[in-house]
Amino acid sequence: MAVKVGTISSITRYPVKSLAGEPLDSCQIETYGLHGDRFCAFYDAEKTGWESFITARQIPNMLAYKASLLNEEITVVSPDGREFRWDEALLTEIQPYYPKKISMTSVQAPHPITPELLSVDTASILIVTDTTIRKLEKLWGERLDARRFRPNFIVAVEEESINEKDWIGKRLSIGNVELQVDQFCERCAMITIDPETLVRDLSLLKKVYDEMNMHFGVYASVKKTGQVKVGDQLLLIEETE
């Protein structure tokens with residue numbers, strides 16, 4: 001049995017890890033997540049595993065560069081409007097922000113830990129609900145830009161009482177796609193950076209720690225590939241005995 005719990009209100013893809021993403025009206029869902037999500041990344045070749053990735057935690061300015069994917073080609077637009085491809089010119093642009101030599105993965109390069117995930121973190125798709133955003137706004141006392149949390153899907157839920165923590169261990173259906181909700185997303189200092197001004201505010205991370213046990217949103221893996229579009233219903237699949 002499937003019960004409607006919400007509607008997909010936005011879809012965002014991040015073709016380059018830690019750069020600003022692109023809003024989509026629809027997207028193909030592959031085994032690793034959104035087609036083109038975290039296709040490539042910058043990394044420090046002197047490090048290994050997860051620690052090798054260079055992110056906005058080290059270079060907040062990365063969030064000011066906007067990445068998009070069209071016909072399998074990545075385009076990156078700088079804060080002042082200059083346009084780059086995924087090539088040496090972009091590497092030369094980013095290098096001054098980091099004290100060591102930066103390297104670039106190839107487009108669609110295997111993930112160093114889990115090859116099927118490309119550069120995607122932990123699990124395939126990050127889901128956040130509008131009620132969780134509003135809850136944190138009330139706790140923090142400030143308006144929140146959802147881009148701080150880098151969700152792939154924002155879900156407008158049917159009822160205020162619906163909480164994504166109740167989805168963990170269960171399956172969701174969206175269009176012809178099926179997902180398995182695996183775990184909470186445990187937050188880090190990334191959320192302290194305002195994506196518009198790049199100003200850090202550590203009080204937000206403290207509030208998420210004190211009031212939400214560092215949990216904000218959930219990670220889901222792909223069980224059935226297909227197409228998802230804005231406006232699709234999100235259904236919770238309930239087991240029947």
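If you read the sequence from its start, that first residue is 1, and numbering goes on from there. These numbers come from the heavy atoms of this one structure, side chains and all, not from hydrogens, waters or symmetry mates.
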Q: Between Arg143 and Glu137, is there a salt bridge with N-O shorter than 4.0 Å?
A: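 The answer is yes: the pair qualifies as a salt bridge.
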Q: Can you name the nearest heavy-atom pair linking Asp182 to Gln180, along with the distance?
A: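 Heavy atoms of Asp182 and Gln180 come nearest at OD1-CG, 3.1 Å.
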Q: At what distance, to the nearest 0.5 angstrom, does OG1 of Thr129 lie from CD of Glu164?
A: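 Between atom OG1 of Thr129 and atom CD of Glu164 there are 3.5 Å.
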Q: Quick one: does Cys185's side chain get under 4.5 Å of Phe216's, heavy atoms only?
A: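 Side-chain contact under 4.5 Å: no.
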Q: Shared ILVMFWY cluster between Met214 and Val181, side chains joined below 4.5 angstrom?
A: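 Not linked; separate clusters.
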Q: For Ala2, give me all partners under side chain to side chain contact (heavy atoms under 4.5 Å, CB included), at least two apart in sequence or on another chain.
A: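 Only Leu235 meet the side chain to side chain contact (heavy atoms under 4.5 Å, CB included) criterion with Ala2.
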Q: If two hydrophobic side chains count as joined below 4.5 Å and joins carry through other members, does Ile174 share a cluster with Ile168?
A: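 Same cluster: Ile174 reaches Ile168 through Ile, Leu, Val, Met, Phe, Trp or Tyr contacts under 4.5 Å.
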Q: Would you confirm whether Gln58, through its side chain, and Thr55, through its main-chain N or O, come within 3.5 Å as a donor-acceptor pair?
A: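 Yes; at least one donor-acceptor contact below 3.5 Å.
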Q: Judged by atom type as modelled, is there a donor-acceptor pair below 3.5 Å linking the side chain of Trp86 to the main-chain atoms of Thr105?
A: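 Yes.
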Q: Give every residue pair that meets the salt bridge (Lys or Arg N to Asp or Glu O under 4.0 Å) criterion with at least one member in residues 39-49, sequence neighbours excluded.
A: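 For residues 39-49, and leaving out neighbouring residues, the salt bridge (Lys or Arg N to Asp or Glu O under 4.0 Å) pairs sorted by first residue read Glu46-Lys100.
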Q: Sequence neighbours excluded, which residues qualify as salt bridge (charged side-chain N to carboxylate O under 4.0 Å, His left out) partners of Asp25?
A: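 Asp25 satisfies salt bridge (charged side-chain N to carboxylate O under 4.0 Å, His left out) with no other residue.
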Q: Establish whether Ile162 and Val218 are linked, either directly or via other cluster members, by ILVMFWY side-chain heavy-atom contacts under 4.5 Å.
A: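 Linked, Ile162 and Val218 end up in one cluster.
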Q: Please identify each residue that fulfils salt bridge (charged side-chain N to carboxylate O under 4.0 Å, His left out) with Glu93, with sequence neighbours left out.
A: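 With sequence neighbours excluded, Glu93 shows a salt bridge (charged side-chain N to carboxylate O under 4.0 Å, His left out) to Arg82, given in chain and number order.
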Q: Report the residues that fulfil salt bridge (charged side-chain N to carboxylate O under 4.0 Å, His left out) with Glu83, sequence neighbours left out, ordered by chain and then residue number.
A: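 Salt bridge (charged side-chain N to carboxylate O under 4.0 Å, His left out) list for Glu83, sorted by chain: Arg85.
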Q: Is it true that, when you exclude Glu51 itself, more than 12 heavy atoms of the residues, nucleotides or ligands shown sit nearer than 6.0 Å to its CD?
A: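 No, because the 6.0 Å sphere around CD of Glu51 holds 12 heavy atoms or fewer from other groups.
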Q: What's the shortest heavy-atom distance between Gly33 and Ile125, and which atoms?
A: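 Closest pair (atom of Gly33, atom of Ile125, distance): CA-CG1, 3.9 Å.
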Q: Does NZ or CZ of Lys17 come closer than 6.0 Å to the centre of the six-membered ring of Phe42, within 45° of the ring's axis?
A: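 So Lys17 doesn't make the cation-pi contact.
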Q: Is there a side chain to side chain contact (heavy atoms under 4.5 Å, CB included) between Leu136 and Val208? Walk through the geometry before answering.
A: CA-CA 8 Å; Leu136 183 54; Val208 174; 3.8 Å; yes
Q: With a 6.0 Å cut-off (strictly less than), is the heavy-atom count around CG of Asn71, excluding the residue itself, greater than 12?
A: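 Count not over threshold, so no.
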Q: Can you tell me how far the OG1 atom of Thr132 sits from the CG atom of Leu144, to the nearest 0.5 Å?
A: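 The OG1 atom of Thr132 sits 11.5 Å away from the CG atom of Leu144.
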Q: Do Lys207 and Leu139 have side chains that approach each other closer than 4.5 Å (heavy atoms only, starting at C-beta)?
A: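 Answer yes - side chains close enough.
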Q: Do the non-hydrogen side-chain atoms of Val199 and Ile193 ever get within less than 4.5 Å of each other?
A: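 Side chain of Val199 against side chain of Ile193, heavy atoms only: no contact under 4.5 Å found.
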Q: Test Cys27 against every option in Val230, Val228, Leu34, Val177 by the side-chain contact (heavy atoms from CB on, under 4.5 Å) rule and name the one that passes.
A: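 Single pass found, and it is Leu34.
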Q: Do you know which two heavy atoms are closest between Ile74 and Cys40, and how far apart they sit?
A: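 Scanning both residues, the minimum pair turns out to be CD1-SG, 3.1 Å.
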Q: Would you call Lys229 and Asp232 a salt bridge, using N to O less than 4.0 angstrom?
A: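 Salt bridge present between Lys229 and Asp232.
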Q: Considering residues at least two apart in sequence or located in another chain, which fulfil the side chain to side chain contact (heavy atoms under 4.5 Å, CB included) criterion with Asn61?
A: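 By the side chain to side chain contact (heavy atoms under 4.5 Å, CB included) rule, Asn61 matches Ile59, Tyr97, Leu198.
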Q: Side chains of Ile54 and Ile102: does their closest heavy-atom pair fall under 4.5 Å?
A: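 When only atoms from C-beta onward are counted, Ile102 and Ile54 do touch, with a gap below 4.5 Å.
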Q: Measure the spacing between OG of Ser103 and OH of Tyr43 and express it to the nearest 0.5 Å.
A: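 Between Ser103 OG and Tyr43 OH, I get 4.5 Å after rounding to 0.5 Å.
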Q: For the hydrophobic clusters of this structure (ILVMFWY residues joined by side-chain heavy atoms under 4.5 Å, transitively), does one cluster hold both Leu69 and Tyr65?
A: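 Yes, Leu69 and Tyr65 fall within the same hydrophobic cluster.
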Q: Among all residues two or more places apart in sequence or in another chain, which pass the side chain to side chain contact (heavy atoms under 4.5 Å, CB included) test with Gln28?
A: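 Once residues adjacent in sequence are excluded, the partners of Gln28 under the side chain to side chain contact (heavy atoms under 4.5 Å, CB included) criterion are Glu30, His35, Gln227.
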Q: Taking only residues two or more places apart in sequence, or in another chain, which ones meet Ser9 in a side chain to side chain contact (heavy atoms under 4.5 Å, CB included)?
A: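 Ser9 satisfies side chain to side chain contact (heavy atoms under 4.5 Å, CB included) with Ile154, Ala156 once adjacent residues are dropped.
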Q: Verify whether one side chain among Glu160 and Thr131 offers a donor that lies under 3.5 Å from an acceptor in the other.
A: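 On atom types as modelled, these side chains do not qualify, holding no pair under 3.5 Å.
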Q: Only one of Lys224, Lys223, Arg171 clears salt bridge (Lys or Arg N to Asp or Glu O under 4.0 Å) with Glu178; which?
A: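 Among Lys224, Lys223, Arg171, the one meeting salt bridge (Lys or Arg N to Asp or Glu O under 4.0 Å) with Glu178 is Arg171.
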Q: If you link I, L, V, M, F, W and Y whenever their side-chain heavy atoms are under 4.5 Å apart, who else ends up in the same group as Leu70?
A: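 In the cluster with Leu70 there is nothing else; it is isolated.
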Q: Locate the shortest heavy-atom distance separating Ala67 from Val76; write the atom from each residue and the value.
A: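 In terms of heavy atoms, the two residues are closest at CB-CG2, 4.2 Å.
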Q: Within a reach of under 6.0 Å around CD of Glu73, are more than 12 heavy atoms found that belong to other residues, nucleotides or ligands?
A: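 No.
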Q: What is the minimum heavy-atom distance between Arg38 and Ser124, and which atoms define it?
A: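 Nearest pair, atom of Arg38 first, then Ser124: NH2-O, 4.4 Å.
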Q: For residues 145-153, run the donor-acceptor check on the side chains, cut-off 3.5 Å, and write out each pair with its distance to 0.1 Å, sequence neighbours left out.
A:
unit_1, atom_1, unit_2, atom_2, d
Asp145, OD1, Arg147, N, 2.9
Asp145, OD1, Arg147, NE, 3.2
Asp145, OD2, Arg147, NE, 3.1
Asp145, OD2, Arg147, NH2, 2.7
Arg147, NH2, Glu196, OE1, 2.7
Arg148, NH1, Ile191, O, 2.7
Arg148, NH1, Thr192, O, 3.4
Arg150, NH1, Leu19, O, 3.2
Arg150, NH2, Leu19, O, 2.7
Asn152, OD1, Leu126, N, 3.0
Asn152, ND2, Thr12, O, 3.1
Asn152, ND2, Asp37, OD2, 3.3

Q: If hydrophobic clusters are built from ILVMFWY residues whose side chains come within less than 4.5 Å, do Tyr219 and Val128 share one?
A: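 Tyr219 does not cluster with Val128.
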Q: Could you pull out all residues at least two apart from Lys4 that satisfy salt bridge (charged side-chain N to carboxylate O under 4.0 Å, His left out)?
A: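 Applying salt bridge (charged side-chain N to carboxylate O under 4.0 Å, His left out) to Lys4 gives Glu158.
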Q: Quick one: pull up CZ in Phe53 and CZ in Arg57 and give me the separation to the nearest 0.5 Å.
A: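 One finds 11.0 Å between CZ of Phe53 and CZ of Arg57.
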Q: Compare all side-chain heavy atoms of Leu234 with those of Ile8 and state whether any distance is below 4.5 angstrom.
A: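 With C-beta onward as the side chain, the pair touches.
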Q: Sorted by first residue and then second, give each ring pair (Phe, Tyr, Trp, His ring centres under 6.0 Å) pair with at least one member in residues 159-193; sequence neighbours left out.
A: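 Listed by first then second residue: Phe184-His215.
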Q: Please find the pair of heavy atoms, one from Arg200 and one from Ala56, that lie closest to each other, and give the distance.
A: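 The answer is NH2-O, 3.9 Å.
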Q: For the atom pair CG (Asp194) and CG (Asp201), what is the distance rounded to the nearest 0.5 Å?
A: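 Between Asp194 CG and Asp201 CG, I get 9.0 Å after rounding to 0.5 Å.
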Q: Considering only heavy atoms from C-beta outward, does the side chain of Met190 approach that of Ser18 to under 4.5 Å?
A: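 When only atoms from C-beta onward are counted, Ser18 and Met190 do touch, with a gap below 4.5 Å.
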